[in-house]
Amino acid sequence: MTAAQHRLLSRLSAEAEERLGRPEAVAFLARLEVQFLDAYEPLDALYGAAHDVDALVERLVRLALRAAQERPADLREVDRRREVDRYWYQRARMVGYVCYVDRFCGALRDLPERLDYLAELGVTYLHLMPLLKPRPGENDGGYAVMDYRAVDPRLGSMDDLETVARALRGRGVSLCVDLVLNHTAKEHEWARRWLAGDPAYAGFYTAFPDRTMPDAHEATIAEVFPDRAPGSFTWFDEANGGSGGWVWTTFWSYQWDLDYSNPNVFATMLDTILWLANRGIDIFRMDAVPFMWKRLGTSCLNQPEVHSLMQALHALVKLAAPATIFKAEAIVSPDELVPYLGGHERYRPECELAYHNQLMVMLWSSLATKDARLATRALQRMRTIPTEASWVTYVRCHDDIGWAVSDTDAAAVGWDGFRHRSFLNDFFAGRYPGSYARGALFQENKATGDARISGSAAALCGIADALDRGDDAALERGIRRLVLLYAVAYAFGGAPLLYMGDELALRDDDGYLADPALADDNRWMHRPRMDWAAAARRHDPSTLEGRTFGWLQRLAAARKNLLALRAGGESAIVDVGNPHVLAWRRRHPRSGHFVGLANFAETEQSVDTAAFHGLGWVETVLASDGPVEVRGGRAHLPGLGFAWLAER
Ligand code: GLC
């Protein structure tokens, strides 16, 4: 640390004691000492060339100090607990659930009544889909925020959100809320003031006067919504003082990208996060982070500065709200994914959690091909993640599925990457001969031949098709597929996340087509309303709902007691000599091994138990069809069956 940095720290320590009182100031300053370089170095890398970093750091730490002062007493208690139990988010008891408030229960006020339902599923972390005040009309499912300090009035108020957070806390459930960092709605006050030429908001967004720069950038940027929102820039007459300009709009035209090369944008966003953390949000789902930094001649994704931004935000938020963690939404290739968890040459805390989209994609790919070789290869090849970080493992979410299958991995199993991705689109859109899936193509790009897939798990697993055809045997297979995928997600190591409705095999809903604000975006097909009448059948094992719900309960209950399923530490992918079976092994220093097996074939398969060589006596903890049979040194798994085995 330099002398200037020391002087800065001592100035801040006097102020901390004044604002927080002695005991809290001691804790704050200890955190500052620990986090200082984790904030300073990335800020220096981001802004050092053009700005006085010491002054910037001082300004940002003061924001954190003020937030620490305003932090409610009950949240300070959570801070204390989590500073002791630092890896609370890695516990085996972590089970997540994600839902839209309106679609799940109506409004925030109605949520506490539904907590018993979530408790039945063992839920300990609840992700409520975007709920901050969006722009009116089209708003990308709430990802076009107009006011970060207000709740969507249709869902309730900020007070209601705080009440929900308290109710969850009382039950040991943490609250996750989306934070849209990359862009705001064009109606946001920051955007309005930027347009009006308010100097405090100068440089908050980008508007190019002509097509020179947009064309140069678009030469290397892949479009997110090529079908309905092509390009990454939109012309607005009001920009540039009324002379017009091409505003950077990576997503829909009403979502304006913030310009993080401006430190005022960083400071404003930090202040927003700190304020929201003080409302009781435990986990911020950092939306679309890979897009936050632009560089000419690149894809404008995953730039090194994106990581510096997240690291600095992380360190500064920890100062005031140490109970808070970040979850990265970075739906990028496997090699680009690990850095969001801090996995760089040198570890630097970044996001504690990140969606394991590679596992998700591989699950669906294995299901379609009845072959686990590509999954085995791709997962084996992934870089290890820091022990402090964890995956969020999931099967479905509110978004489309993009086929993050690398050409190298495909080639390693003798497949052509492009053809395999096309096959997956055909298969899940139900266009491939013999396919049971009922999904739909999302954002088909006629120029590149790329597309993604929309559709509920029930549609993609063949449950919808079987129900429509009244085919019981097919329904049975559909249910086994859904359970198989969740059995991997719940035991892969990490925090599993259940997508609302999958516990009841809820089907697609085409009601969105009647709403002009939604009709253009077929992701709404797999964002159904909760069917509480179907939920009422959840305890009846003779029903579809009873069967799926029962399985998700059993998965959660079994994982809770398996120390080896605690996140932190890797899953080792094991080659068990059967192309249809995905096998993985985990270990916790205080427990024996865990082995997971998933058979993607529809027929019985066996694996060589020598693959578990070196393990003691292995017992079935949970399996699709009762204790796993071992005959002649081979363990047998029924078609679409899974097994969780543990060393005793
Ligand atoms: C994220 C969201 C997606 C949204 C996009 C733009 O990827 O998951 O639904 O369209 O960000 O905010």
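Numbering of ligands and ligand atoms starts at 1, following listing order. Remember, it's a predicted structure, so these values are computed and weren't measured experimentally.
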Verify the ring-centre separation between W256 and F251: is it less than 6.0 angstrom?
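Here the rings of W256 and F251 have centres that are no less than 6.0 Å from each other.
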query = Taking the six-membered ring for Trp, are H344 and H307 ring centroids under 6.0 Å apart?
reply =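 Ring centroids of H344 and H307 are less than 6.0 Å from each other.
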- Which of the listed options, Q255, R527, E329, holds the heavy atom that is closest to atom 7 (O) of ligand 1?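 That would be E329.
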Verify the distance criterion only: is there a donor paired with an acceptor across the side chains of [X] and [Y] at less than 3.5 Å?
X	Y	result
Y89	K327	no
Y205	D257	no
Y100	R527	yes
S390	Q90	yes

Classify the contact between M129 and ligand 1 as side chain, backbone, both or neither, using a heavy-atom distance cut-off of under 4.0 Å.
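No part of M129 comes within reach of ligand 1.
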Next item on the list: Kindly confirm or rule out a cation-pi arrangement of R114 over F104, judged by NZ or CZ under 6.0 Å from the six-membered ring centre and within 45° of its axis?
Entry: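 No, R114 does not sit over the ring of F104.
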Could you list the atoms of ligand 1 found under 4.0 angstrom from a heavy atom of [X]?
X	result
H183	6 (C), 12 (O)
D399	2 (C), 3 (C), 7 (O), 8 (O), 9 (O)
H398	2 (C), 3 (C), 8 (O), 9 (O)
D287	1 (C), 2 (C), 6 (C), 7 (O), 8 (O), 11 (O), 12 (O)

Quick one: does R285 get a heavy atom under 4.0 Å from ligand 1?
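Under 4.0 Å: yes for R285.
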Atom 5 (C) of ligand 1: nearest protein contact (heavy atom, Å):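 Checking every protein heavy atom, the shortest distance to atom 5 (C) of ligand 1 gives F251 CE2, 3.7 Å.
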Margin query: Could you identify the single nearest non-hydrogen protein atom to atom 10 (O) of ligand 1 and state the distance to 0.1 Å?
Written below: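 The answer is D140 OD2, 2.8 Å.
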